Amino acid sequence: MPTQQTSSRPHETGRRTFLTALGALATTTALGVPAYASEAARDAATADEYVDVQLLNICDLHGYLQGPTGSDAVVRGNGGKTYTVGGVAAMGTHLERLRDGRANSLFFAPGDLFSGWEFDAAAFSDEPTIEALNKLGLDFATAGNHEFDKSPANLVQHMVGGRAYPVVGRDTGFRDSTGRRFRGADFRYYSANVVRTRTGRTVLPPYHVEYVRGPRGRRIPIGFIHLTVFGTELLFSNSYHPGLRTLDQIATADRCARELKRRGVHAIVLSMHDGAVAGGDFNSGSNPSGPAYELALKVSPDIDAIVCGHWHTRFNMMLPDPNGVPRPFVEAGFHGQVINEINLRLDPRTGRVVRELTVSTSHPNTRDVTPHPELKAVADYWAGQAATRERSRIGTQRGPFTRTRNALGQSTMGDLAADWTLWAARRPAPSYDDSNIHRYVPAQLALVPLAPAVGQSLVRGDLTPGPDGAVAFGQAWRAIGYGSPTVCVRVTGQQIHDALEQQWSTGPGGALRFAPLAVSANVRYAFDAAGAVGDRVDPADVTIDGAPLRPDRDYRLATSSYTILGMDGYPALTDRREPYRHQRDFESFIAFVRERRVLTPSPLDRVRVKNAALRGPGVGEVVDPPVPVREDGTPQPPSVAATLTAGGPHALRHDGHRPPC
C-alpha cells in the first residue's frame, strides 16, 4: 500500500534535503525531549515551505474539573523531575500559550472525557464537563467506553444535542455557570467501530475531515479516524449494552484509511480509545506493550500519527509503521494531567505529511500558572453546586442502614440494596436508553453480592439518618454502585440455586469462605451449615413469593451488569439470556429513595441456617474485598477499584498492568 514519504532515501524539497535517520530512532525516542521522527525534525521549525499543523490532545478527563488528588496529581518527566498537575483552569492557560501564533491548531480527545466517578460532574449528568470543554475550545472527540455509560442516545441527543430529560433541572438540563440551561457540546463525537447489533450501522460517524490553511488560501484536508476500545459493550460493566457491538480495530482503521485516501485525503491521524504501557516518563516511552502498541505496529502506514487513551498511562514516542517509517505514538495520562502536542508538516502541493519532520511533545498541565479566569469560574461554580446538592434532602429513613452483617451474612444495607435492585428491574428502561434489543419483562427476584470473592461489592456505604431522619443526596449517591446498570436476565431455577451454592468456596489452607448474596424481600432460603461446598442449599428450601424454587423453570432475575459479566465471582449467573438493561445504579438508587420517600430497615429474616449445632464446616468466613489504593495509599475511585479487582476477562494483563476503566 502506498504511504506518505515512506522511503528512507533523502527527501528532496526544493532548497532543503532531509535525512530520515531511521537507524537512530530508538535512541532518539528513549532520550529525546521532545520525540522526533528523525534528526531532521529538530530543524522542522525553519521548514517554512511546508504547512505547519499543531495537534493538541488530552484523554480520560472523566469530569475532573478541579484536577486529580493525591499521587494522581503528580507526574514524572525526563530525568525524574516531578510536576503537580491538573485542573481545567490551568489547562485553559496552557492551551492559550500553546496555541498562540499558530494558524493551524486542532484540539481533540480520544475518549472518556465525561462519566466515571467525579461527583462534581456526575451528580449533574456530566453537564459541567461539557461546559468546560466548550470553553477550552475542544474541536472534536472520539467516544470512549464511558461515553456510552448511559446510552448512545444520551451521548448524541443530550451530551451533544442538549436535549434534557426526564426532569429538567433535577435529572438533566441544569443551569450552567452563566445561568443558561444546558445546550450541549460545541463539538462532535465519532467512532468507527461501535455498531448496532441488529443493523451493523455505526452509532456515530466513523471518521471526519478537518481542513487547514495552506499558501494562497488553499484548504488542505486532514482525516481523523476514531476507534473505541474493543469490548466496550461486554468487558466494562458501566457501558454494558445488549444492542451494541464493537468491530475489530485494525480492520476498521485500515478500511477507513482506504476510504479517506479515495477521497483525496493524504494526511491521516488515528484517535483511539485504547492504550498501552510504555514506562513512567510522560515525555518519552520505553518497553511498550498492550493492545494499542500491537495495533500501532500493524495498522495502515497511511496513518501518520496514533493518539491513544483509556489506559491512564503517559508516554510520548515514535514507532515505526509496517514500512519502517516512524510516526507518533502517544497517550496523555488522565484527569487532565498532560497536554500532548504533535506538530505535522504538510506538503502544500500533495497534502501529504512529511513524516521525517514530525515532532511530538507532551506538556505537563502544571498548576503553577495563573488560572484561566473563565475556566476557573466554571470549575468553582460546579464545585459549589455539588456541595449544595450533596446536602440536599431526597427522603427520610426510620433507622440506620448499615453493612454490618449478622452471622448469616445479612445486613440492613444489603437487604435495602436487593429491594432497590428488584424495584429498578420492574421499571422499563429510561426513554434515553436505546440499546436494548429484547422486550421488557419485569423481574421476579434480585440477588446482590455483598462480599464477593473477587471484584467489589455493589454496596459501598451505609445510610445513617441526618437531622429529622433525612436521607442526603450525597450519602445515597455514594452508598450504592459505581455507575453500572441494573440488568434483568432470564435464568433457570437451577442457575439461581447454583449461584446460592457459589456463596461458599474453599479458601487458602482449606478454610471455608462465605461470599454472601443479599436477596430481595420476596425471597427466603435456608442453607445447611453441616453440608459440603456445593451441597448446602436444597432447592426445596428456597422460595420466591412463597412458592418453592423450581430448577427446571425460567425466572427473570435482577442484578448488576457487573455480576452477569462474571466480574465478582458467581459464574452461574453469567450464562444469561434475553438481557435487558435498566438505569445506572447510583442514579436509580436516588430515584428509588425519592419514590419511596420513607425507608424503614427490614428484619434480618431472609436467610435461615440448618444444622448449625452439628459438627461441620459451619457458616464460613466472610472476607470483605480489599479496595485497591493509589501510590499515596488513598483509595481508588469506586469504578476504578471495581475494574482493577474484577474477575473474568478483566484478569488479563499486559506486563502486570490492567486498564483501570
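Remember, predicted model here, so these are calculated numbers, not experimental data.
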Colleague: Strictly by modelled atom types, are Thr563 and Asp568 linked by a side-chain donor-acceptor pair under 3.5 Å?
Modeller: yes
Colleague: What I want to find out is whether Lys150 reaches Asp126 closely enough, with some N-O distance under 4.0 Å, to be called a salt bridge.
Modeller: no
Colleague: Do the side-chain N and O atoms of Arg581 and Ser484 include a donor-acceptor pair separated by under 3.5 angstrom?
Modeller: no
Colleague: Distance-only, no hydrogens or angles: does the Gln495 side chain make a donor-acceptor pair with backbone N or O of Thr492 under 3.5 Å?
Modeller: yes
Colleague: Measure across Pro625 and Gly455 and return the closest heavy-atom pair with its distance rounded to 0.1 Å.
Modeller: CB-O, 3.2 Å
Colleague: Can you name the closest pair of heavy atoms from His146 and Asp112 and give their distance?
Modeller: N-OD1, 2.9 Å
Colleague: Which pairs of donor and acceptor atoms, one on a side chain in residues 244-252, lie under 3.5 Å apart (sequence neighbours left out)?
Modeller:
| from | atom 1 | to | atom 2 | distance (Å) |
| --- | --- | --- | --- | --- |
| Thr246 | OG1 | Gly231 | N | 2.8 |
| Thr246 | OG1 | Glu233 | OE1 | 3.1 |
| Asp248 | OD2 | Ile250 | N | 3.2 |
| Asp248 | OD2 | Ala251 | N | 2.8 |
| Gln249 | NE2 | Asp274 | OD2 | 3.4 |
| Thr252 | OG1 | Asp248 | O | 2.6 |

Colleague: Show, in sequence, the C-alpha distance, side-chain angles and deciding distance for Val629 and Thr634, and conclude whether the side-chain contact (heavy atoms from CB on, under 4.5 Å) test is met.
Modeller: CA-CA 5 Å; Val629 297; Thr634 58; over 6 Å; no
Colleague: Applying side-chain contact (heavy atoms from CB on, under 4.5 Å), name anything that partners Ala446, two or more places apart in sequence or on another chain.
Modeller: Thr421, Leu422, Ser520, Ala558
Colleague: Using the side chain to side chain donor-acceptor pair (under 3.5 Å) rule, take Asp433 and Ser151 through it: C-alpha gap first, then chi angles, then the decisive distance, then the call.
Modeller: CA-CA 5 Å; Asp433 195 333; Ser151 70; 4.9 Å; no
Colleague: For Phe236 and His241: C-alpha separation, side-chain torsions, deciding distance, then whether ring-ring contact (aromatic ring centres under 6.0 Å, His included) applies.
Modeller: CA-CA 10 Å; Phe236 304 97; His241 287 289; over 10 Å; no
Colleague: Got a sec, which residues hit ring-ring contact (aromatic ring centres under 6.0 Å, His included) with Tyr555, two or more places apart in sequence or on another chain?
Modeller: none
Colleague: Please report the shortest heavy-atom distance between Thr412 and Pro400, naming the atom on each side.
Modeller: OG1-O, 3.9 Å
Colleague: Throw together a table of side-chain donor-acceptor distances under 3.5 angstrom for residues 475-483, partners on residues two or more places apart or in other chains.
Modeller:
| from | atom 1 | to | atom 2 | distance (Å) |
| --- | --- | --- | --- | --- |
| Gln475 | NE2 | Asp462 | O | 3.4 |
| Gln475 | NE2 | Thr464 | OG1 | 3.0 |
| Arg478 | NH1 | Glu390 | OE2 | 2.6 |

Colleague: Can you find a pair of side-chain heavy atoms, one from Pro110 and one from Met272, that are under 4.5 Å apart?
Modeller: no
Colleague: Can you tell me if CZ on Arg550 sees more than 12 non-hydrogen neighbours from other groups inside 6.0 Å?
Modeller: no
Colleague: Would you mind telling me which of Arg513, Arg405, Arg403 makes a salt bridge (Lys or Arg N to Asp or Glu O under 4.0 Å) with Asp624?
Modeller: Arg405
Colleague: Given side chains that start at C-beta, do those of Thr129 and Phe124 come closer than 4.5 Å, heavy atoms only?
Modeller: no
Colleague: Before you tell me yes or no, could you show the steps for Arg196 and Asp434 under salt bridge (Lys or Arg N to Asp or Glu O under 4.0 Å), namely the whole-Å CA-CA distance, both residues' side-chain angles and the distance that decides it to 0.1 Å?
Modeller: CA-CA 10 Å; Arg196 302 280 184 184; Asp434 59 338; 2.9 Å; yes
Colleague: Could you tell me how the ring of Tyr580 sits relative to the ring of Tyr440: parallel (under 30°), tilted (30 to 60°) or perpendicular (over 60°)?
Modeller: tilted
Colleague: Between His582 and Thr486, does a side chain to side chain donor-acceptor pair (under 3.5 Å) hold up when you go through it step by step?
Modeller: CA-CA 5 Å; His582 296 266; Thr486 297; over 6 Å; no
Colleague: Enumerate the residue pairs fulfilling salt bridge (charged side-chain N to carboxylate O under 4.0 Å, His left out) with a member in residues 483-497, sequence neighbours excluded, ordered by first and then second residue.
Modeller: Arg490-Glu578
Colleague: Among Thr396, Ile590, Ile394, Val598, which residue satisfies the side-chain contact (heavy atoms from CB on, under 4.5 Å) criterion with Val471?
Modeller: Ile394
Colleague: Would you call the rings of Tyr189 and Phe114 parallel, tilted or perpendicular if under 30° counts as parallel and over 60° as perpendicular?
Modeller: perpendicular
Colleague: Could you state the interatomic distance from CG (Leu565) to OG (Ser560), rounded to the nearest 0.5 Å?
Modeller: 8.0 Å
Colleague: Using a 6.0 Å cut-off, check whether atom CD of Glu595 has over 12 heavy atoms from anything other than its own residue.
Modeller: yes
Colleague: Show me, pair by pair, the donor-acceptor contacts under 3.5 angstrom made by side chains of residues 608-617, not counting sequence neighbours?
Modeller:
| from | atom 1 | to | atom 2 | distance (Å) |
| --- | --- | --- | --- | --- |
| Lys610 | NZ | Asp541 | OD2 | 2.7 |
| Asn611 | ND2 | Asp528 | OD1 | 3.0 |
| Asn611 | ND2 | Asp528 | OD2 | 3.4 |

Colleague: Is a side-chain donor or acceptor of Gln502 paired with a backbone partner of Ala572 at a separation under 3.5 angstrom?
Modeller: yes
Colleague: Where is the tightest heavy-atom contact between Asp535 and Glu501, given as atom of each residue plus distance?
Modeller: N-OE1, 3.4 Å
Colleague: Under a 4.5 Å cut-off applied to non-hydrogen side-chain atoms, are Val448 and Leu517 in contact?
Modeller: no
Colleague: Can you tell if the side chain of Val156 reaches within under 4.5 Å of the side chain of Leu204, non-hydrogen atoms only?
Modeller: yes
Colleague: Would you check if the side chain of Glu147 reaches a backbone N or O of Gly111 as a donor-acceptor pair within less than 3.5 Å?
Modeller: no
Colleague: Please tell me whether Asp498 and Gln494 have a donor and an acceptor in their side chains that are separated by less than 3.5 angstrom.
Modeller: yes
Colleague: Between Phe334 and Tyr64, does the side-chain contact (heavy atoms from CB on, under 4.5 Å) criterion hold? Intermediate values first, please.
Modeller: CA-CA 9 Å; Phe334 60 101; Tyr64 274 73; over 6 Å; no
Colleague: If you measure only the distance, is there a donor-acceptor pair under 3.5 Å linking the side chains of Asn145 and His273?
Modeller: yes
Colleague: Sub-3.5 Å donor-acceptor pair from the side chain of Asn406 to the main-chain atoms of Gln410, do we have one?
Modeller: yes
Colleague: Under 3.5 Å, is there a donor-acceptor pair between the Thr142 and His226 side chains?
Modeller: yes
Colleague: Between Tyr562 and Thr645, what is the shortest heavy-atom contact and its length?
Modeller: OH-OG1, 4.1 Å
Colleague: Do NZ/NE/NH1/NH2 and the carboxylate oxygens of Asp415 and Arg606 come within less than 4.0 Å?
Modeller: yes
Colleague: Quick one: closest heavy-atom pair of Ala642 and Met567, and the distance?
Modeller: O-CE, 4.5 Å
Colleague: Would you say the side chain of Glu118 lies within less than 4.5 Å of the side chain of His62, judging by non-hydrogen atoms?
Modeller: no
Colleague: Could you check whether any side-chain heavy atom of Ile496 comes within less than 4.5 Å of a side-chain heavy atom of Val491, counting everything from C-beta outward?
Modeller: yes
Colleague: So, does Arg556 use its side chain to make a donor-acceptor pair with the main chain of Pro442 at under 3.5 Å?
Modeller: no
Colleague: Would you call the rings of Phe592 and Trp423 parallel, tilted or perpendicular if under 30° counts as parallel and over 60° as perpendicular?
Modeller: perpendicular
Colleague: Indicate yes or no: at least one non-hydrogen side-chain atom of Ser435 is less than 4.5 angstrom from one of Phe148.
Modeller: no
Colleague: Does the side chain of Tyr432 reach to within under 4.5 Å of the side chain of Thr172, using non-hydrogen atoms?
Modeller: no
Colleague: When the aromatic ring centroids of Tyr525 and His497 are compared, is their separation below 6.0 Å?
Modeller: no
Colleague: Pair Val593, Leu599 - check side-chain contact (heavy atoms from CB on, under 4.5 Å), show working.
Modeller: CA-CA 7 Å; Val593 176; Leu599 303 178; 4.1 Å; yes
